[in-house]
2 protein chains.
Amino acid sequence: MSVKRKPTPATAEHAPLQLEHFLPYRLSILSNTISQAIADDYQQRYDLSVTEWRVMAVLARFEGLSAREVAERTAMDKVAVSRALARLAEAGRVSRGMHDNDKRRSVLDLTEAGWAIHDEVAPMARAREREVLARLDAEERAWLTRILDKLLS
Amino acid sequence: MSVKRKPTPATAEHAPLQLEHFLPYRLSILSNTISQAIADDYQQRYDLSVTEWRVMAVLARFEGLSAREVAERTAMDKVAVSRALARLAEAGRVSRGMHDNDKRRSVLDLTEAGWAIHDEVAPMARAREREVLARLDAEERAWLTRILDKLLS
DNA sequence: TGCAAATGGTTTCATATGAAACTATAAAGG
DNA sequence: CCTTTATAGTTTCATATGAAACCATTTGCA
């Protein structure tokens, strides 16, 4: 049994944060919990990291992106994208063409194998999202969307 | 100027995720953006990592915790806590006593120096939180609290 | 043109991280 | 008791990560 710990006395001149009511902390816990649950679904099964999956998801949505564009769309570091692409190309999940008018740029696409994995993972990810949203009622879901739109804009 | 990329045609048999509307992804972006903004405030200035700050925040709130209890309260890995504590103790920001009845357990507290840092960082963290919340109106803030309570419970 | 600055992408290096093994102590059961 | 099992915490090892340096190419402009 865990002993109840006494909080710092109210007489203290310090004003400690209450992490459990602190927005950034709560968002961090929630985000990590959800992302981890999804990752657990595919990570070992497909030998696919979270960054790799995000790259694949973007390439499923937009064909022929460059690495830089992928980084933009995923909000990931360009180094992370470069490494994810190296692994994905190595595994034959992504093809890297060369841009016609700019030899620096790559032209990225999912391969057949990439699409096959995408088509299995995407529904799992969506299912997890639904599980989370199912804990809210319709009104709460609408507010959540609106609030996230505002904070992310 | 960035070229508009064509999404995968609607005729495609695949159903790509739209990351920009995908809850886990949006939460992750929001959480990272906010946490990073706060970390930028203290990281270099106090040579303090995010994990170290979280440990300090918990010790400010609850005195005499053990390392395990800190890990529980921060939702951090025990290895991460162990390392954060090593650095904090080394820097004289946290004291590690030994538990009377259990020589395995440590008894952790902020030192004077630790409190001094806490008392500077905590207000900065709170200010950042206020900045974020200020982008919402009162009704939205209330819903956000309610939604997070529900999803985190 | 031709050269400086910018851009796409990769590599290097130093640091961060987590799982598993490990040490020390405590609790539980025969 | 004394042996097994559990717990607190640290260390090790292998991997992940990001900043900065780097290479190649392209762009801007004198």
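Here is the naming used below: chain letters follow the sequence lines, and residue numbers restart at 1 for every chain. Keep in mind the model is a prediction, meaning the values are calculated, not measured.
Counting only residues at least two apart or on different chains, the ring-ring contact (aromatic ring centres under 6.0 Å, His included) pairs with a member in residues 127-153 of chain B are A:Trp143-B:Trp143.
Regarding A:Asp77, its CG atom lies at a distance of 18 Å from the P atom of C:dC13, rounded to whole Å. Remark: C1' of C:dA16 and CG of B:Leu48 are 15 Å apart, rounded to the nearest angstrom. We find that CE of A:Met98 is positioned 15 Å from C1' of C:dT7, with the value rounded to whole Å. Between the CD atom of B:Gln43 and the P atom of D:dT17 there is a distance of 17 Å, given to the nearest Å. Whole-Å rounding puts the B:Arg54 CZ to C:dA16 P distance at 16 Å. What separates CD of B:Glu69 from P of D:dT7 is a distance of 14 Å, to the nearest Å. Atom pair A:His99:NE2 and C:dT7:P shows a separation of 16 Å (rounding to whole Å applied). In this structure, the CZ atom of A:Arg105 is 10 Å from the C1' atom of C:dT7, given to the nearest Å.
A distance-only check finds no donor-acceptor pair linking the side chain of A:Ser28 to the backbone of A:Pro24 [under 3.5 Å].
In this structure, A:Thr51 does not reach the D:dA16 phosphate: none of its side-chain N or O atoms is under 4.0 Å from OP1 or OP2. The phosphate of D:dT10 (OP1 or OP2) has a side-chain N or O of B:Ser82 nearer than 4.0 angstrom.
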Within the 4.0 Å limit for protein heavy atoms, which parts of nucleotides 20-29 of chain C are touched? Write it as a string from 5' to 3', B for base, S for sugar-phosphate only, - for none. B---BBS---
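Scored by the side chain to side chain contact (heavy atoms under 4.5 Å, CB included) test, B:Arg135 finds A:Leu151, A:Ser153 as partners (sequence neighbours excluded). With sequence neighbours left out, B:Arg104 forms a side chain to side chain contact (heavy atoms under 4.5 Å, CB included) with B:Asp102. Every salt bridge (Lys or Arg N to Asp or Glu O under 4.0 Å) that B:Glu131 has, sequence neighbours left out, goes to B:Arg128.
Residue B:Ser106 is in sugar-phosphate contact alone, with no base atom involved, counting any heavy-atom pair closer than 4.0 Å across all strands shown.
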Show the numbers, then the answer: is there a side chain to side chain contact (heavy atoms under 4.5 Å, CB included) between A:Val55 and A:Met76? CA-CA 9 Å; A:Val55 169; A:Met76 282 167 42; 4.1 Å; yes
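At a threshold of 4.0 Å, the pair A:Glu69-A:Arg73 does not count as salt-bridged, since none of the basic side-chain nitrogens sits closer than that to a carboxylate oxygen.
Across residues 83-97 of chain B, B:Arg83, B:Arg96 each have a non-hydrogen atom less than 4.0 Å from an atom of DNA chain D (numbered order).
Partner of A:Glu52 under the side-chain hydrogen bond (donor to acceptor under 3.5 Å, both in side chains) criterion, out of A:Arg83, A:Gln43, A:Arg87: A:Arg87 alone.
B:Val50 and B:Val94 fall within a single hydrophobic cluster, where Ile, Leu, Val, Met, Phe, Trp and Tyr side chains are chained together by heavy-atom contacts under 4.5 Å.
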